Amino acid sequence: MVYILAIESSCDDTSAAVLRDGLLLSNVTASQAVHEQYGGVVPELASRAHEQNIVPVVDAALKRAGVEKEQLTAIAFTRGPGLMGSLLVGVNFAKGLALALGIPLVEVNHLQGHVLAHFIKEQGDETAPPFPFLCLLVSGGNSQIIKVKAYNDMEIMGQTIDDAAGEAIDKCSKVMGLGYPGGPIIDCLARQGNPDAYQFAKPNIPGYDYSFSGLKTSFLYSLRDWLKDDPDFIEHHKEDLAASLERTVVDILMKKLRMAVKDTGITHVAVAGGVSANNGLRNAFRDHAQRYGWTIYIPKFSYTTDNAAMIGIAGYFKYQDHEFCDINAPAFARIG
Ligand code: KG4
């Protein structure tokens, strides 16, 4: 039997998971509340919190799985991309434990992990997308349309040329003084608002690439004008503002995705990453499935944001291909 311990520490969640022959036995995540007061992730505080969390999180994942560390076959870890200080904690912990146990290391690309979250098995009877499929990967740091040809063969068809979708939502939420992270707050408010109340700028750039900085600017300038007339404008209209902002982001995302489906003829379409928790986006996927005959794959809420379960399944596939990682392989913050 193959037991894999997976470790994820690329941003502000410390997570560990244990898998037996590709089946998920445990997935434990410690989130870091320390960043809330700053309205964003503070890298130095994130690495310190990882340092505090990593041992108890790994310990809890092993205990919950009922697995002793001596039973482990390999350790999978997120090597990048992400915050360097955060990555270093997970990478070095994984290396130290692998060395002590005399077992191999498997490196996982965080973004590929998000895509492969659709292959996480808890019962063993989950439906995973067939290859090739398209995946819309939307998080705080990335917005990409990926053609997934195999577990280890992914082509980025388009991506943001500036802000990511989650980043744009978070920043607009911040200027409204709504708190951090903005995504879940906007999602909640949007449910009570009118998505057609306000219009914000939509980008017009070629190909499958995205851009969200124009929307951010348009949101900011509109808000400034409205606040001149009514200093309580945000308080009075926050639901409509949230709903209109969410609608604009979802429209921008879906327009390019429709183009990619049309041009490739691939109708199996998945969504992944933190923003895939958004109800407006999930509904847009369901609507497209009905309207255009797509077969859609929407992850469980717990596998949308950063988690080690997705690193574990990605690591398991690599383990099967005997793709091991050198003990000297450094963490990387960015791709390329
Ligand atoms: O994938 P993720 O956990 O982290 C990285 O980007 O590394 O994604 C976090 C992003 C944040 O921008 C957060 O605001 C957004 O996902 N998010 C949401 C929702 N839940 C999280 N955005 C919209 N609606 C949500 N329900």
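Numbering of residues begins at 1 and proceeds along the displayed sequence. Hydrogens, waters and symmetry mates are skipped; everything else that's a heavy atom, side chains included, is used. Quick caveat: nothing in here was measured; it's all calculated off a predicted structure. Counting convention: from 1, in listed order, for ligands and their atoms alike.
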Are a donor atom and an acceptor atom from the side chains of [X] and [Y] found within less than 3.5 Å of each other?
{"X": "N307", "Y": "N27", "answer": "no"}
{"X": "T78", "Y": "H110", "answer": "no"}
{"X": "S10", "Y": "E8", "answer": "yes"}

Can any side-chain N or O of D240 pair as donor or acceptor with the backbone N or O of N194 at less than 3.5 Å?
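Judged by distance alone, yes, a pair lies under 3.5 Å.
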
Heteroatom proximity flag, H110 to ligand 1, N/O under 3.5 Å:
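No, there is no polar N/O contact under 3.5 Å.
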
Quick one: does G141 get an N or O within less than 3.5 Å of an N or O on ligand 1?
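For ligand 1, there is an N or O atom that lies under 3.5 Å from one belonging to G141.
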
Which residue holds the protein heavy atom closest to [atom], what is that atom called, and what is the gap in Å?
{"atom": "atom 1 (O) of ligand 1", "result": "G274 N, 3.0 Å"}
{"atom": "atom 22 (N) of ligand 1", "result": "G183 CA, 3.3 Å"}
{"atom": "atom 7 (O) of ligand 1", "result": "D306 OD2, 3.5 Å"}
{"atom": "atom 9 (C) of ligand 1", "result": "G140 N, 3.7 Å"}
{"atom": "atom 11 (C) of ligand 1", "result": "D170 OD2, 3.4 Å"}

With F324 via ring-ring contact (aromatic ring centres under 6.0 Å, His included) - residues at least two apart
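Applying ring-ring contact (aromatic ring centres under 6.0 Å, His included) to F324 gives Y319.
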
Nearest neighbour of atom 26 (N) of ligand 1 from the list D187, V275, V41, on a heavy-atom basis
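Considering heavy atoms of D187, V275, V41, the nearest to atom 26 (N) of ligand 1 sits in D187.
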
Evaluating non-hydrogen atoms only, which member of L137, T305, N307, N278 is closest to atom 3 (O) of ligand 1?
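Of the listed residues, T305 has the closest heavy atom.
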
Taking all non-hydrogen atoms of both residues into account, name the closest pair between I311 and A76 and its distance.
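Here I311 and A76 meet closest at O-CB, 4.0 Å.
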
Subset of ligand 1 atoms that lie under 4.0 Å from at least one heavy atom of [X]:
{"X": "A277", "result": "20 (N), 26 (N)"}
{"X": "H114", "result": "1 (O)"}
{"X": "G166", "result": "12 (O)"}

What pairs meet the side chain to side chain donor-acceptor pair (under 3.5 Å) rule with one or both residues in residues 209-218, with sequence neighbours excluded?
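Only D162-S211, D162-S213, D163-K216 qualify under side chain to side chain donor-acceptor pair (under 3.5 Å).
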
Cation-pi between R282 and F301: NZ/CZ under 6.0 Å from ring centre and within 45° of the ring axis?
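Checked: cation-pi criterion met.
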
Taking the six-membered ring for Trp and the single ring otherwise, decide whether the centroids of F119 and Y151 are under 6.0 Å apart.
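Yes - the distance between ring centres of F119 and Y151 falls below the 6.0 Å cut-off.
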
Would you call E246 a ligand 1 contact, heavy-atom distance under 4.0 Å?
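No heavy atom of E246 comes that close to ligand 1.
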
